[in-house]
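Nothing fancy with the numbering, it's 1 onward along the sequence.
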Amino acid sequence: MRSGVIAKKVGMTRLFQEDGRHVPVTVLSLEDCQVVSHRTSDRDGYFAVQLGAGEAKHKNVNKPQREAFAKADVGLKMRVAEFRVEGEDGLIPVGSTISAEHFVAGQKVDITGHTQGKGFAGAMKRWGFGGLRATHGVSLSHRSHGSTGNRQDPGRVFKNKKMAGHMGDRQRTQQNLEIVRTDADRGLLFVKGSVPGSKNGWLLVRDAVKLKMPEDLPFPGAILDKKSTAPEHDEAAPGMVEAAAEHEVVDQVAPEMQEQLAEQQQAGAGDDVTPSVGEETPENGDAAGSDDNKEG
């Protein structure tokens with residue numbers, strides 16, 4: 001038994017086969033599906049892999065989860081789920097990113113999600129009731145569910161009675177769906193048929209329980225290697241200068257440049273009349289007296 005993945009429902013499209021037929025498929029996206037932690041038999045009593053997917057905001061994640069993600073050296077995750085595995089050999093290293101090649105084309109999978117919510121619905125829409133007569137004897141209650149209880153004995157309404165209420169938004173599992181194609185570069189799974197839930201809903205994809213798994217499945221899983229083996233940049237050895245750059249090396253400043261720099265420095269230094277930068281302007285009397293002294 002392998003670990004599953006957490007995927008997001010993107011929508012539906014169709015794929016063309018070699019013979020020209022088209023297959024309607026549901027597109028599932030793996031958004032940074034990483035291993036967050038492990039559940040071991042010594043500590044927890046069972047073996048499982050905890051996965052996280054999506055990118056969550058800092059304000060939407062509580063402090064214990066933030067510390068757990070930091071310990072695993074992964075980003076903040078929007079959705080977290082556990083997948084049971086048979087033993088220690090089925091554990092995927094913490095921090096690993098699972099690729100779409102975790103599944104192979106032609107494989108059968110079970111997909112779990114929450115169905116689309118329909119809000120508050122009446123008994124006819126929710127349970128398929130036929131309703132009351134639309135002719136004689138019925139007044140303004142054609143779509144009602146009819147009587148719900150009994151007489152004094154038992155004097156109550158039984159539990160699980162089919163009545164009006166919240167419709168949809170229930171966890172459901174669609175079994176034995178076929179993987180038509182996988183795209184590891186974009187992290188996409190193309191599943192034949194419909195899956196529970198609306199667009200942008202989170203789904204749990206597992207290997208089919210009722211069917212035998214293919215022999216070429218990667219075990220314990222397909223890990224996506226995001227780090228490139230090539231160096232980020234090529235740098236020359238220390239102490240070496242390219243021949244084309246030797247003429248750009250200046251040993252000393254030319255005399256003309258020295259005079260220009262001196263003028264720029266003196267521009268803000270100030271003199272007997274003009275104050276330097278940051279000093280206060282002398283009073284009028286002092287300035288006038290200094291002028292008289294100069295004339296004398």
Task: Steps toward side chain to side chain donor-acceptor pair (under 3.5 Å) verdict (S37, Q50) - done: CA-CA 5 Å; S37 64; Q50 189 181 53; 2.6 Å; yes
Task: Derivation and outcome, side-chain contact (heavy atoms from CB on, under 4.5 Å), residues V23 and F16 - done: CA-CA 6 Å; V23 180; F16 287 92; over 6 Å; no
Task: Working for side-chain contact (heavy atoms from CB on, under 4.5 Å), residues V10 and L28 - done: CA-CA 6 Å; V10 179; L28 307 181; over 6 Å; no
Open item on the list: Checking M78 against E55 for the side-chain contact (heavy atoms from CB on, under 4.5 Å) test, could you report, in this order, the C-alpha distance in whole Å, the side-chain angles of both residues, the deciding distance, and whether it holds?
Closed with: CA-CA 5 Å; M78 186 178 297; E55 183 179 356; 5.9 Å; no
- [ ] Show your working on side-chain contact (heavy atoms from CB on, under 4.5 Å) between I92 and I98 and close with a plain yes or no.
- [x] CA-CA 9 Å; I92 304 175; I98 299 180; 4.0 Å; yes
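The cluster map of Ile, Leu, Val, Met, Phe, Trp and Tyr, joined by side-chain heavy atoms under 4.5 Å apart, puts L204 and L177 in the same cluster. Linking ILVMFWY residues whenever their side-chain heavy atoms come closer than 4.5 Å, directly or via other members, leaves M124 and M167 in distinct clusters. Under a hydrophobic-cluster definition in which Ile, Leu, Val, Met, Phe, Trp and Tyr are linked whenever side-chain heavy atoms come within less than 4.5 Å, directly or via other members, F83 and V104 are assigned to different clusters. A chain of hydrophobic side-chain contacts below 4.5 Å, direct or via other Ile, Leu, Val, Met, Phe, Trp or Tyr residues, connects F103 to V85. Both F47 and V49 sit in one connected hydrophobic cluster of ILVMFWY residues. Membership requires side-chain heavy atoms under 4.5 Å apart, directly or through other members.
Taking 4.5 Å as the limit, every side-chain heavy atom of Q174 sits out of range of all side-chain heavy atoms of D110. Between H145 and K162, every side-chain heavy-atom pair lies at or beyond the 4.5 Å cut-off. The side-chain heavy atoms of H38 and V94, taken from C-beta on, include a pair separated by under 4.5 Å. Side-chain contact check for S3 versus V35: every heavy-atom pair is 4.5 Å or farther apart. At least one side-chain heavy atom of S144 sits less than 4.5 Å from a side-chain heavy atom of L132.
Remark: the backbone N or O of A208 is not paired with any side-chain donor or acceptor of N176 at under 3.5 angstrom. A donor-acceptor contact shorter than 3.5 Å links the side chain of E86 to the backbone of M1. Remark: the backbone N or O of H166 is paired with a side-chain donor or acceptor of R126 at under 3.5 angstrom. A donor-acceptor contact shorter than 3.5 Å links the side chain of R2 to the backbone of H102. S99 places a side-chain N or O within donor-acceptor distance of the main-chain N or O of E101, the cut-off being under 3.5 Å. A distance-only check finds no donor-acceptor pair linking the side chain of D44 to the backbone of Y46 [under 3.5 Å]. N150 places no side-chain N or O within donor-acceptor distance of the main-chain N or O of D153, the cut-off being under 3.5 Å. Counting only distance, with no hydrogens or angles, the side chain of K9 and the backbone of V195 share a donor-acceptor pair below 3.5 Å.
Taking CG from D32 and CG from L51, the interatomic distance works out to 12.5 Å, rounded to the nearest 0.5 Å. From H22, atom NE2 reaches atom CG of L15 across 11.0 Å, with rounding to the nearest 0.5 Å. Distance check: I6 CD1 to E82 CD gives 10.5 Å after rounding to the nearest 0.5 Å. Rounding to the nearest 0.5 Å places OG1 of T115 at 6.0 Å from CG of D169. Distance check: Q171 CD to T112 OG1 gives 6.0 Å after rounding to the nearest 0.5 Å. Taken from OG1 in T173 to CZ in R206, the straight-line distance is 7.0 Å, to the nearest 0.5 Å.
For R66, the CZ atom counts as densely surrounded, since its 6.0 Å shell holds more than 12 non-hydrogen atoms of other residues, nucleotides or ligands. Taking a 6.0 Å sphere around CD of E178, one finds it holds more than 12 heavy atoms contributed by other residues, nucleotides or ligands. Sparse packing is recorded around CZ of R21, with 12 or fewer heavy atoms of other residues, nucleotides or ligands lying under 6.0 Å away. Around atom CD of Q175, more than 12 heavy atoms belonging to other residues, nucleotides or ligands sit under 6.0 Å away. Remark: N160 CG is loosely packed, at most 12 non-hydrogen atoms of other residues, nucleotides or ligands lying under 6.0 Å away. The 12-atom threshold is exceeded at CZ of R39, counting heavy atoms of other residues, nucleotides or ligands nearer than 6.0 Å. Within a 6.0 Å radius of CG in D73, no more than 12 heavy atoms belonging to other residues, nucleotides or ligands are found.
In terms of heavy-atom proximity, T182 sits nearest to F190 at N-CD1, 4.5 Å. The heavy-atom pair separating V157 from M163 by the smallest distance is CG1-SD, 4.4 Å. Contact record, A123 with F129: CB-CD2, 3.6 Å, taken as the closest heavy-atom pair. The shortest non-hydrogen separation linking F219 to G90 is CZ-CA, 3.9 Å. In this structure, H58 and L76 approach most closely via the heavy-atom pair CA-CD1, 3.6 Å. Nearest heavy-atom pair across G95 and V74 is CA-CG1, 4.0 Å.
Evaluated for a side-chain contact (heavy atoms from CB on, under 4.5 Å) with V191, the options I179, V180, V25 yield exactly one hit, I179.
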